[in-house]
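Numbered from 1 within each chain, the chains take letters A, B, ... in sequence-line order. Source: prediction; values computed, not measured.
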Amino acid sequence: MAERTDTDPARMEKIVSLCKRRGFIFQSAELYGGLNGCWDFGPLGTELKRNIKDYWWRKNVQEREDIVGLDGSILTHQAVLTASGHVGGFSDPMCDCLVTKARLRADQIEPASGTVYSFTGATHKQADDWSCDRPISILSTAERDEHKARKVAKEYYAQFLPDKQLSPKKIELQGETTAEVTDSIGFNPANGAQLTEAREFNLMFKTQMGASADENDPNSVAYLRPETAQSIFVQYKNVLDSSRQKLPFGIAQIGKSFRNEINPRNYIFRSREFEQMEIEFFCKPEDGLRLTDEWLERRLNFYAEIGVPREKLHVLDVPDGERAHYSEKTYDIEYAFPFGVQELEGVAYRGSYDLGKHQEASGKSLEYFDEETKEKFVPHVVEPSAGCDRTLLAVICEAFDEEDLTKDGGKKDVRTVMRFAPCIAPIKVAVLPLLKNKQELVDKAHEVKNLLQPFMNVAYDEAAAIGRRYRRQDEIGTPFCVAIDFETLGLEEGKEELKDTVTIRHRDSMEQERIAISDLLPWLLERLR
RNA sequence: GCGGGUAUAGCUUAGUGGUAAAGCUCCAGCCUUCCAAGCUGAUUACGCGGGUUCGAUUCCCGCUACCCGCUCCA
């Protein structure tokens, strides 16, 4: 659980500002006022996100023999999500009590009969200039008389009073009318207050297949996937049959998922369109719990490698009752964001629930035949499911630093620096001629840039003083800057031996070292792995 | 979804019932031999839609987005 609940909105605002200013993250459709819960990644955000995904893919797929990749379609057959439980189980219509704001499931409200007292508005004896013209209806039943109905109505209007000191009792109800109703579910059983219209709370995006699809034809319905996992389960057999894998083995997928979140929050943390990095690791039933612990460990190491140290992560061993019913064990990996401790990834032991459900719904066997023991069984699965955008945000939050460089003279200087791990930094190295009005320096710098460019993302910058250029690169997290100076050209008297060497300036320490251009590429590649 | 807050240039802020100021950034030029130097110049803003008004960025209403607290999160 959250060990640290303190938040730092000011820090978050600075991070959001930098992300926009430097082109990491923009609001989607900002030109038109924004689209709720959607975000676009700018040039540097795109590089950063790509690097995170590539690193994840390299570590989890390419550098392992026992995990293979999948890239499933986003449009999802409704049968898949019916089998998984996404369609049926989680679309309860809900309504809210207009007085107490309690949220109720519409299908669980007991129908009631009685007299409905309706009012068109209200005024207050002690506030001449105040009035409210919102209508409200209260159901009066055998248990609740008309006085109670009026009392509830006054409670309703009390919330609109301009001054909380004014007594609700002095409210005068306007336009009272009555009507009889039978078996209505439009009123709160607890107090008779009117309820809002029932609203569907299914969080999936629904769409129609086919350009001329009939809206009412249930067969044309498809969904944007709410998680990448389901296509893995559905393709599990094909992958097994085509990839010559044996248990235990995993299928990995990186891709977009969509949830119609009721309230997107916290910058890009909870958005309606997001990217997941998931592995479904299939195993024998007896290995599930052990592998869950192993995966937790492996995933924690991953975050350390991309710049989120172990001690900044919180592992929540999700207790009984809070886990999904099919999960024997679930760990949440959480990070202390400036807006609170929040989940980055879930490592869940899901048993045979998913394959079992799809086997049942499709009528096709998803059993695995173990050659050694001659047993047939539905494999169990361990699922490390990471949020890509959340990881990116955690990386940004962790990297953001304002370093105080105030000098002895007292001149204030704050250096903003993004301390990205070199392996995921958007730009790996910036090549900077010391001066731009000396053609030899510029030419040499272009030469060095061209040397490195086929191997990494290189920036070239000749504008403004070199100190300013260093700071620009600090702010976007470029780990190394290479400066081309007069010594590089061999023009410095008494330092001719420095010809064809450059200085490398380190982002984090601001220290410099000199290195031969011929050694530059291997030097960098070693540090960018 | 509820309650509260906010919305002026890329960023951070100022200001006004008569269409707006500044710092930083960015761009161009000059200068510049290593940590946001200096000089000159340029572009750029009142979230959207209504209403009141001779006139609205300013007042009112609605919408949208973002932030905070609840709620929700298969």
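Between the side chain of A/R22 and the base of B/rG10, no donor-acceptor pair of N or O atoms lies under 3.5 Å. Judged by distance alone, with hydrogens and angles left aside, A/R415 brings no side-chain donor or acceptor close enough to the base of B/rC35 to form a pair under 3.5 Å. Between the base of B/rC34 and the side chain of A/R468 there is no donor-acceptor pair shorter than 3.5 Å. Put simply, the side chain of A/Y267 and the base of B/rC67 share no donor and acceptor less than 3.5 Å apart.
Comparing atom distances between the A/I466 side chain and each of B/rG3, B/rA36, B/rC34 picks out B/rC34 as nearest. Out of B/rC70, B/rA37, B/rA74, the shortest distance to the side chain of A/H86 is found at B/rA74.
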Are any protein N/O atoms closer than 3.5 Å to N/O atoms in nucleotides 11-14 of chain B? If there are, list each pair with its distance.
| unit_1 | atom_1 | unit_2 | atom_2 | d |
| --- | --- | --- | --- | --- |
| B/rC11 | OP1 | A/K20 | NZ | 2.8 |
| B/rC11 | O3' | A/S17 | OG | 3.1 |
| B/rC11 | O2' | A/S17 | OG | 3.3 |

Could I get a table of every N or O pair under 3.5 Å where one atom is in the protein and the other is in nucleotides 28-31 of chain B?
none

Please tabulate the protein-to-nucleotide N/O contacts below 3.5 Å involving nucleotides 61-65 of chain B, giving atom names and distances.
| unit_1 | atom_1 | unit_2 | atom_2 | d |
| --- | --- | --- | --- | --- |
| B/rA65 | OP1 | A/N36 | N | 3.4 |
| B/rA65 | O4' | A/G33 | O | 3.0 |
| B/rA65 | O3' | A/Q27 | NE2 | 3.0 |
| B/rA65 | O2' | A/Q27 | NE2 | 2.2 |

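Taking atom CD1 of A/I476 as the reference point, atom P of B/rC26 lies 11 Å away to the nearest angstrom. Distance CD (A/E403) to P (B/rA36): 13 Å, rounded to an integer number of Å. Remark: C1' of B/rG10 and CD of A/E475 are 12 Å apart, rounded to the nearest angstrom. Between A/M204 atom CE and B/rC73 atom P the separation is 15 Å, expressed in whole Å.
Applying the Watson-Crick and G-U wobble criteria (two distances, each under 3.5 Å), B/rG23 pairs with B/rC11. With a 3.5 Å ceiling on both atom-pair distances, the Watson-Crick or G-U wobble partner of B/rC2 is B/rG69. When both distances must be under 3.5 Å, the Watson-Crick or G-U wobble mate of B/rU53 does not exist. Nucleotide B/rA36: unpaired (no Watson-Crick or G-U wobble partner with both distances less than 3.5 Å). B/rC63 and B/rG47 make up a base pair, with Watson-Crick or G-U wobble contacts both under 3.5 Å.
Residues forming a salt bridge (charged side-chain N to carboxylate O under 4.0 Å, His left out) with A/D401 (at least two apart in sequence, or on another chain): A/R419. Applying the salt bridge (charged side-chain N to carboxylate O under 4.0 Å, His left out) test to A/R225 and every residue at least two apart in sequence or in another chain returns nothing. When the ring-ring contact (aromatic ring centres under 6.0 Å, His included) test is applied to A/F26, no partner is found at least two apart in sequence or on another chain. Legend: residues meeting ring-ring contact (aromatic ring centres under 6.0 Å, His included) with A/F233, ordered by chain and number and at least two apart, are absent. A/K256 pairs by the salt bridge (charged side-chain N to carboxylate O under 4.0 Å, His left out) definition with A/E273, not counting sequence neighbours. Residues passing the ring-ring contact (aromatic ring centres under 6.0 Å, His included) test with A/Y236, sequence neighbours excluded: A/F282.
For the P atoms, the distance linking B/rG49 with B/rC31 amounts to 47 Å, nearest Å. Using C1' as the reference atom, B/rC26 and B/rG10 are 7 Å apart when rounded to the nearest Å. Rounded to whole Å, the C1' atom of B/rC63 lies 24 Å from the corresponding atom of B/rA9. B/rU43 and B/rC11: their C1' atoms are spaced 16 Å apart (whole Å). With both ends at atom P, the span from B/rC61 to B/rG5 equals 12 Å, rounded to whole Å. One P atom belongs to B/rC72, the other to B/rG15, and the distance between them is 41 Å to the nearest Å. Between B/rG69 and B/rA74, the two C1' atoms lie 25 Å apart (nearest whole Å). For the C1' atoms, the distance from B/rC46 to B/rC27 is 24 Å, rounded to whole Å.
Each side-chain hydrogen bond (donor to acceptor under 3.5 Å, both in side chains) pair with one or both residues in residues 428-439 of chain A, not counting sequence neighbours, appears once here: A/Q439-A/D443. Within the structure, the side-chain hydrogen bond (donor to acceptor under 3.5 Å, both in side chains) test picks out the following pairs touching residues 483-502 of chain A (sequence neighbours left out): A/K444-A/D500, A/D485-A/T488, A/D485-A/R514, A/E487-A/K495, A/E487-A/R514, A/T501-A/R514.
We find the CE-OG1 distance between A/M204 and A/T76 to be 8.5 Å, quoted to the nearest 0.5 Å. Separation of atoms CG (A/D508) and CZ (A/F480) is listed at 8.5 Å; rounding is to 0.5 Å.
Within 6.0 Å of atom NE2 in A/H446, more than 12 heavy atoms from other residues, nucleotides or ligands are found, so the atom counts as buried in its surroundings. Summarising the local packing, NZ of A/K49 is surrounded by more than 12 heavy atoms from other residues, nucleotides or ligands at distances under 6.0 Å.
Listed by residue number, A/R505, A/M510, A/Q512 are the residues of residues 504-514 of chain A with a heavy-atom contact under 4.0 Å to RNA chain B.
Between A/Y335 and A/F337, the two ring planes are perpendicular [angle over 60°; tilted spans 30° to 60°].
As judged by a 4.0 angstrom heavy-atom cut-off over every strand, A/R469 is placed among residues making no nucleic acid contact.
Contact annotation: A/N266 side-chain N/O to B/rC68 OP1/OP2 distance is under 4.0 Å.
Salt-bridge annotation for A/D8 and A/K14: absent, with no side-chain N of the basic residue lying under 4.0 Å from a carboxylate O of the acidic one.
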